Amino acid sequence: MASLRLGPLLRYVDGSSATVWVEASRPCTAEVRCADGSGGEARTFQIAGHHYALVPVTGLTPGTTTSYEVLFDGARVWPLPDSRFPPSAIHTPVDDHETVRVAFGSCRWASPPEGEKDPVGPDALDTLAVRIAADPQGERPDVLVLLGDQVYADEVSKATRRWLEDRRGLDEPPGAEVADYEEYTHLYYESWLDPEVRWLLSTVPSCMIFDDHDVIDDWNTSEAWVADMRGTPWWRERVLSGLMSYWVHQHLGNLSPDRLAEDPLYAAVRDTPDGTDALRAFAARADADPASVRWSYRRDFGRTRLLMVDSRAARVLDEQNRSMLDPAEWDWLREQMLDGRTPDTGRATDTGRATDADRAPSAQVAPGPYDHLLIGTSLPWLLPNLVHDAEAWNAATCRGERGERWARRGEKLRRAADLEHWAAFPASFDRLAELIAEAGSGPQAPATVCVLSGDVHHAYVAEPVWRESAAGPDARVVQLTCSPVHNSIPAYIKAGFRFGWSGTGRAIGRRLARHGRVAPPPVDWRRTGGPWFGNQLMTLTLRGRSAHLRLDHAREQRDGGARLRTIDESEIS
């Protein structure tokens, strides 16, 4: 009899359908059976000796809540016996999604086993699960957006280190880091079998995108970095296994049933007894030619549009043409931001600074029928001013703006200081500003454009101002950064981020920019909230054209438990 190894994860949900992801111990037919009579089933597919299914659930009624159970070959495997949590349920929205709650964050180390002291404090996802379980009919997110570093392939726990040592020893590279697909699956077990997180992901839909630690720190920092990694004997297996495990555990569930039906790789792995070779060939193509694969995707929640943007694998790393996104990815992003708009040729957006990889078609299109545009990117667009200028200066020196000696120094500094955010791709930073202005302008402009991100292990709100007033959008634009969900940050980095926002830090940044001959970006910005440090989640509540932001911290209680405590609330529109 098949048993449940991992899951269930409730992934895609709309008014009448959903998908539920599971891993079984052996081949079987996985079934989701809902209390209202709806449901669905799917045969498992095999990858590297593991058996997975993404079960399509149909026949749901908009605006209802129905509990569900999971069966393998007719035998119930979920809910677990003697579970202390309420039944997992699918909450379907009403057709027009009058209110949408989006909770988001990034960077989560797996919580330690029950009874062990947590060295970084309470896990924000654990505490969210406890809050929802205590009041199943109360407020809950309509979607949980996880913006990268769902697992840490290069910073493993003590327990995983012991497991790796028993499995293969740690004397040969990559040592105490994961090396292959099987070891990646262990990371997901450690993270997603956490009882609170397991139940939370079974009952709150989720959208995910990777960041560097899902593969390795500073993944795709530069062309030289990639060349160095490809010269190591262990890297190829590491990156292919990382992409394979991401496709299985995270990417598949991001897609709608319609997208899944059109996906040739998904069809291929389901139509063969063992899909490992097909998935490995796909991962090899994705690594060799990132433009051949699109990890970015779109989700619409009524009149709220979420665009999850791959700001890791889609990069163009040629120093003379660096771009956060390849040309096809830029075209896709612009198309999704302006989808369904009526032409408007009255606004020019090209500043003339974009590279060929960043430049978009010249036709301009007016914004259209959504009230809120959310752009999910694992890396912040707007950083502390000093950090932004340092990254832009570093990009210029690495490009050779100050000669070969500075270029060599710049590459070393880029890797040592993690200088690889949007600011380190200056033409891409500008291009995103132009797209946001274009999408946020016109008679049908959305009320807000919110850039959601994580990575930097603290939270803040920043607002841009376009240097040329005629180029600015009508929508209110904010950068909302929330990290970590469960991790830590050294005290000296906290001080550095605070200093980066200061007037003195800004002045130092300007001197760096002048040294690198960096042209001013099209926007200036200021911090309007934070910085906040700790394990935390942000929640956007979108109702009509209003937007409300709340930041919750996970705090320990005197009785030994933990809860989410609201530390800031504000109206965005």
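This structure is a prediction, so every number in the text was calculated from the model and none was measured.
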Task: Side chains of H372 and T304, donor plus acceptor under 3.5 Å - done: no
Open item on the list: Checking T504 now: which residues fulfil side chain to side chain donor-acceptor pair (under 3.5 Å) with it, not counting sequence neighbours?
Closed with: none
Open item on the list: Check whether S546 reaches the backbone of R543 with its side chain - one donor and one acceptor, N or O, closer than 3.5 Å.
Closed with: yes
Open item on the list: Would you say D552 and T566 are linked by a side-chain donor-acceptor pair, where the criterion is simply a distance under 3.5 Å?
Closed with: yes
- [ ] Can you measure from CZ (R565) to CG (L551) and round to the nearest 0.5 angstrom?
- [x] 11.5 Å
TODO: Look at the side chain of Q536 and the backbone N and O of A554, then say whether any donor-acceptor pair between them is shorter than 3.5 Å.
DONE: no
TODO: Go through L452 and C450 one step at a time and tell me if the side chain to side chain contact (heavy atoms under 4.5 Å, CB included) criterion holds.
DONE: CA-CA 6 Å; L452 315 182; C450 301; 4.0 Å; yes
Open item on the list: For a 4.5 angstrom cut-off between non-hydrogen side-chain atoms, does V204 reach R140?
Closed with: yes
TODO: Give a yes or no on whether the backbone of N394 and the side-chain of T397 come within a donor-acceptor separation of less than 3.5 Å.
DONE: yes
Task: Non-hydrogen atoms of P257 and T19 that approach each other most closely - done: CG-CG2, 4.2 Å
- [ ] Decide if atom CD of E404 counts as having more than 12 heavy atoms of other residues, nucleotides or ligands within a radius under 6.0 Å.
- [x] no
TODO: Could you list the residues that satisfy side chain to side chain donor-acceptor pair (under 3.5 Å) with R315, not counting sequence neighbours?
DONE: E420
Open item on the list: Can you classify the ring geometry of W393 versus H515 as parallel (below 30°), tilted (30 to 60°) or perpendicular (above 60°)?
Closed with: tilted
Task: Spacing of CG belonging to D214 relative to CE belonging to M208, to within rounding of 0.5 Å - done: 10.0 Å
Task: Heavy-atom check, side chain of L200 versus side chain of L128, under 4.5 Å - done: yes
- [ ] Would you please test I375 and M337 for side chain to side chain contact (heavy atoms under 4.5 Å, CB included) and show each step?
- [x] CA-CA 9 Å; I375 302 171; M337 292 173 75; 3.9 Å; yes
TODO: Report, as yes or no, whether the 6.0 Å neighbourhood of atom CZ on R259 holds more than 12 heavy atoms from other residues, nucleotides or ligands.
DONE: no
Open item on the list: I need the R506 CZ to R526 CZ distance, nearest 0.5 Å.
Closed with: 11.0 Å
TODO: Look only at the side chain of E569 and the backbone of R550, and say whether a donor-acceptor pair between them is shorter than 3.5 Å.
DONE: no
- [ ] Report yes or no: do Q250 and Q150 form a side-chain donor-acceptor pair below 3.5 Å?
- [x] yes
Open item on the list: Under 6.0 Å from the ring centre and within 45 degrees of the ring axis: does the NZ or CZ of R409 meet both conditions for the six-membered ring of W406?
Closed with: yes
Open item on the list: Tell me the closest heavy-atom pair linking L265 and D263, and the distance in Å.
Closed with: N-OD1, 2.9 Å
- [ ] Answer with yes or no whether the side chains of D142 and H91 bring together a donor and an acceptor at under 3.5 Å.
- [x] no
Task: N535 side-chain N/O to V120 backbone N/O, donor-acceptor pair under 3.5 Å - done: yes
TODO: For the residue pair H251 and W295, categorise the inter-ring angle as parallel (less than 30°), tilted (30 to 60°) or perpendicular (more than 60°).
DONE: perpendicular
TODO: Verify, without hydrogens or angle tests, whether D310 (side chain) and S296 (backbone) share a donor-acceptor contact under 3.5 angstrom.
DONE: no
Open item on the list: Test of understanding: with side chain to side chain donor-acceptor pair (under 3.5 Å), list the residues that count as partners of R298, not counting sequence neighbours.
Closed with: D300, Q336, D339
Task: NZ or CZ of R322 within 45° of F425 ring axis and under 6.0 Å - done: yes
Open item on the list: Going by salt bridge (charged side-chain N to carboxylate O under 4.0 Å, His left out), name the pairs with one or both residues in residues 215-225, residues two or more places apart or in two chains.
Closed with: none
- [ ] Test side chain to side chain contact (heavy atoms under 4.5 Å, CB included) on V293 and F282 and set out the steps.
- [x] CA-CA 9 Å; V293 175; F282 168 86; 3.7 Å; yes
Open item on the list: Is there a side-chain contact between L379 and V456 in this structure, where contact means two heavy atoms from C-beta onward sitting under 4.5 Å apart?
Closed with: no
TODO: Please identify each residue that fulfils side chain to side chain donor-acceptor pair (under 3.5 Å) with S245, with sequence neighbours left out.
DONE: none
TODO: Classify the side-chain pair Y12/D14 by whether it contains a donor and acceptor separated by less than 3.5 Å.
DONE: yes
TODO: Go through the steps for S191 and R108 under the test side-chain hydrogen bond (donor to acceptor under 3.5 Å, both in side chains), then give the verdict.
DONE: CA-CA 8 Å; S191 185; R108 181 177 180 266; 2.7 Å; yes
- [ ] Evaluate the side-chain proximity of S106 to D149: yes if any heavy-atom separation is below 4.5 Å, no if none is.
- [x] no
TODO: Report yes if the distance between the aromatic ring centroids of W525 and F429 is under 6.0 Å, otherwise no.
DONE: yes
Open item on the list: Do H213 and E155 have side chains that approach each other closer than 4.5 Å (heavy atoms only, starting at C-beta)?
Closed with: yes
- [ ] Quick one: pull up CD1 in I508 and CG in D389 and give me the separation to the nearest 0.5 Å.
- [x] 11.0 Å
Open item on the list: What I want to check is whether the side chains of S323 and W330 have a donor and an acceptor closer together than 3.5 Å.
Closed with: yes
Task: Any side-chain heavy-atom pair of S453 and T481 under 4.5 Å - done: yes
Open item on the list: How close do S222 and E319 get, counting heavy atoms only, and between which atoms?
Closed with: CB-OE2, 4.1 Å
Task: CD on E98 to CZ on R303, rounded to 0.5 Å - done: 12.5 Å
Open item on the list: Contact between D371 and L542 at the side-chain level, heavy atoms closer than 4.5 Å - yes or no?
Closed with: no
Open item on the list: Side chains of N254 and R11: any donor to acceptor distance under 3.5 Å?
Closed with: yes
- [ ] Give a yes or no on this: more than 12 heavy atoms of other residues, nucleotides or ligands lie within 6.0 Å of atom CZ of R545.
- [x] yes
Task: Near-ring test W235/W225, centroid separation under 6.0 angstrom - done: yes
Open item on the list: Would you say that more than 12 heavy atoms from the other residues, nucleotides or ligands in this model lie under 6.0 Å from the CD of E571, or not?
Closed with: yes
Open item on the list: Testing the basics here: between S292 and R285, what is the closest heavy-atom pair and its distance to 0.1 Å?
Closed with: OG-O, 3.5 Å
Task: Side chain proximity check, L306 to M308, heavy atoms < 4.5 angstrom - done: yes
TODO: Give a yes or no answer on whether the side chain of S428 reaches the backbone of M324 with a donor-acceptor pair at less than 3.5 Å.
DONE: yes
Open item on the list: For C207 versus V143, what's the shortest heavy-atom pair and its separation?
Closed with: SG-CG2, 3.8 Å
Open item on the list: Tell me the closest heavy-atom pair linking P426 and A395, and the distance in Å.
Closed with: CD-CB, 4.0 Å
Task: Close aromatic pair by centroid cut-off 6.0 Å: H388 and W422 - done: no
- [ ] Test L252 against Y266 for side chain to side chain contact (heavy atoms under 4.5 Å, CB included), laying out the working first.
- [x] CA-CA 8 Å; L252 272 183; Y266 185 51; 3.7 Å; yes
- [ ] Determine whether the side chains of W109 and S488 contain a donor N or O and an acceptor N or O closer than 3.5 Å.
- [x] no
- [ ] Find the distance between CG (D212) and OG1 (T221) and round it off to the nearest 0.5 Å.
- [x] 7.5 Å
Task: Within residues 440-474 or reaching into it, pairs that qualify as ring-ring contact (aromatic ring centres under 6.0 Å, His included) - sequence neighbours excluded - done: H458-Y460, H458-F497, H458-F533, Y460-W501
